There are 2 protein chains.
Amino acid sequence: MNIDSALPALAALAHPTRLEAFRFLVRHEPEGLSTGELVDASGLTQSTFSTHLAVLAKAGLVKSEKLGRQQIQRADIDTLRELMLFLAKDCCQSRPELCEPLLAELTCC
Amino acid sequence: MNIDSALPALAALAHPTRLEAFRFLVRHEPEGLSTGELVDASGLTQSTFSTHLAVLAKAGLVKSEKLGRQQIQRADIDTLRELMLFLAKDCCQSRPELCEPLLAELTCC
DNA sequence: AATTCCTATCGGAAATATCCGATGAATTTA
DNA sequence: TAAATTCATCGGATATTTCCGATAGGAATT
């Protein structure tokens, strides 16, 4: 993950519909959900939501797999991890003491 | 940090100029930098960059302090930590095993 | 007091994002 | 084969973001 891959990931998550959908998918790992189920949960039009899903997919945050005539969507935790690592990298590398409280809270879960 | 505070933080970081500026400020913790120094580093107009800085400030990612006639800007690591915690929370709470590799890489720095 | 320096904000133009209905492609069911 | 289901993509209208020059306010300097 570098600045060019972090930017689309951040932009993908910086929208209420997409952030909600991504969090929804994370909570449904590792089974995933079909596009239709996500559309229903979003309350938006199928075409509108499909566009949002494409943004998440292009950012690498969601991977999909064809299953019959539906498309199963799954959150990509690896990309999320890489994004968080990218965000933490700057403060950790230059100033390890800045990251200690960050890691302290993260390890509690 | 909840969804309503995470969204503006993500949107603030989802822009090349603002992400670059925030990372620049993190690397200059805890001294901070004046707005003018940041403007020079960005290569943009003073007014344009000032608008970007206001977005970061509104999201709580940057705090500023008046020093003489310049304004010293500093990255707020606490907000960054809370944002990362928010992103990690979903996968950690529901599925601790998903977050182990995430934490493993984070603790290495 | 006048001038210079530093920064925030206003107004408007251009670019981008967002949303929807309609259409099309692929798959399953009848 | 025909109809129904599931989903991606196109066209276009609206909203938001982004960018800049111009302006204004506060603080230091002369």
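Because the structure is a prediction, the values reported are computed rather than measured. Convention: sequence-line order gives letters A, B, ...; per-chain numbering from 1.
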When you compare the side chain of B:Leu10 with that of A:Leu13, does any pair of heavy atoms fall below 4.5 Å? yes
Show, in sequence, the C-alpha distance, side-chain angles and deciding distance for A:Val62 and A:Arg74, and conclude whether the side-chain contact (heavy atoms from CB on, under 4.5 Å) test is met. CA-CA 6 Å; A:Val62 166; A:Arg74 297 186 58 232; over 6 Å; no
Whole-Å gap separating P (C:dA17) and NZ (A:Lys58): 10 Å
Rounded to whole Å, the CD1-P distance (A:Ile72 to D:dA8) equals 11 Å
Which part of the nucleic acid, if any, lies within reach of A:Thr35 when heavy atoms closer than 4.0 Å are counted: base, sugar-phosphate only, or nothing? sugar-phosphate
B:Thr51 side-chain N/O to C:dA8 phosphate OP1/OP2 under 4.0 Å: no
It should be established whether A:His52 places a side-chain nitrogen or oxygen under 4.0 Å from OP1 or OP2 of nucleotide C:dA17. no
Closest of C:dA26, C:dA8, D:dT6 to the A:Lys66 side chain is C:dA26
With a 4.0 Å cut-off on heavy atoms, is A:Gln70 in touch with a base, just the backbone sugar-phosphate, or nothing at all? sugar-phosphate
Does D:dT17 have OP1 or OP2 sitting under 4.0 Å from an N or O in the side chain of A:His15? no
Phosphate OP1/OP2 of D:dC19: any B:Thr48 side-chain N/O under 4.0 Å: no
Grab the CD-P distance between B:Glu65 and C:dT7 for me, whole Å please. 13 Å
To the nearest Å, how far apart are A:Gln73 CD and D:dA8 P? 6 Å
Answer yes or no: does a side-chain N or O of B:Ser47 lie under 4.0 Å from OP1 or OP2 of C:dA8? no
I want to check something: taking the side chain as every heavy atom from C-beta on, are A:Leu80 and A:Phe22 in contact at a cut-off of under 4.5 Å? yes
Below 3.5 Å, does any donor atom in the side chain of B:Gln71 face an acceptor in the base of C:dA8, or the other way round? no
How many whole angstroms separate atom CG of A:Leu38 from atom C1' of D:dT6? 13 Å
Do you see a donor-acceptor pair shorter than 3.5 Å between the side chains of A:Thr79 and A:Glu82? no
Ranking C:dA22, C:dA8, D:dA4 by distance to the side chain of A:Arg69, first place goes to D:dA4
B:Leu67 CG - D:dG26 P separation (whole Å): 18 Å
In whole angstroms, how far is the P atom of C:dG21 from the CD atom of A:Gln46? 11 Å
Regarding B:Thr17, tell me which of base, sugar-phosphate or nothing describes its non-hydrogen contacts under 4.0 Å with the strands shown. nothing
Among the nucleotides C:dC20, D:dC7, D:dC20, whichever has the atom closest to the side chain of A:Ser34 is D:dC7
Does A:Ser50 place a side-chain N or O at less than 4.0 Å from the phosphate oxygens OP1/OP2 of D:dA8? yes
When we call it a touch if two heavy atoms are under 4.0 Å apart, what does B:Leu53 touch: a base, just sugar-phosphate, or nothing? nothing
Once you round it to whole Å, what is the distance between P of C:dA8 and CZ of B:Phe49? 10 Å
For atom CD of B:Glu65, decide whether the heavy atoms of other residues, nucleotides or ligands shown that lie under 6.0 angstrom number more than 12. no
Going by distance alone, is a donor N or O of one side chain under 3.5 Å from an acceptor N or O of the other, for A:Gln71 and A:Thr35? no
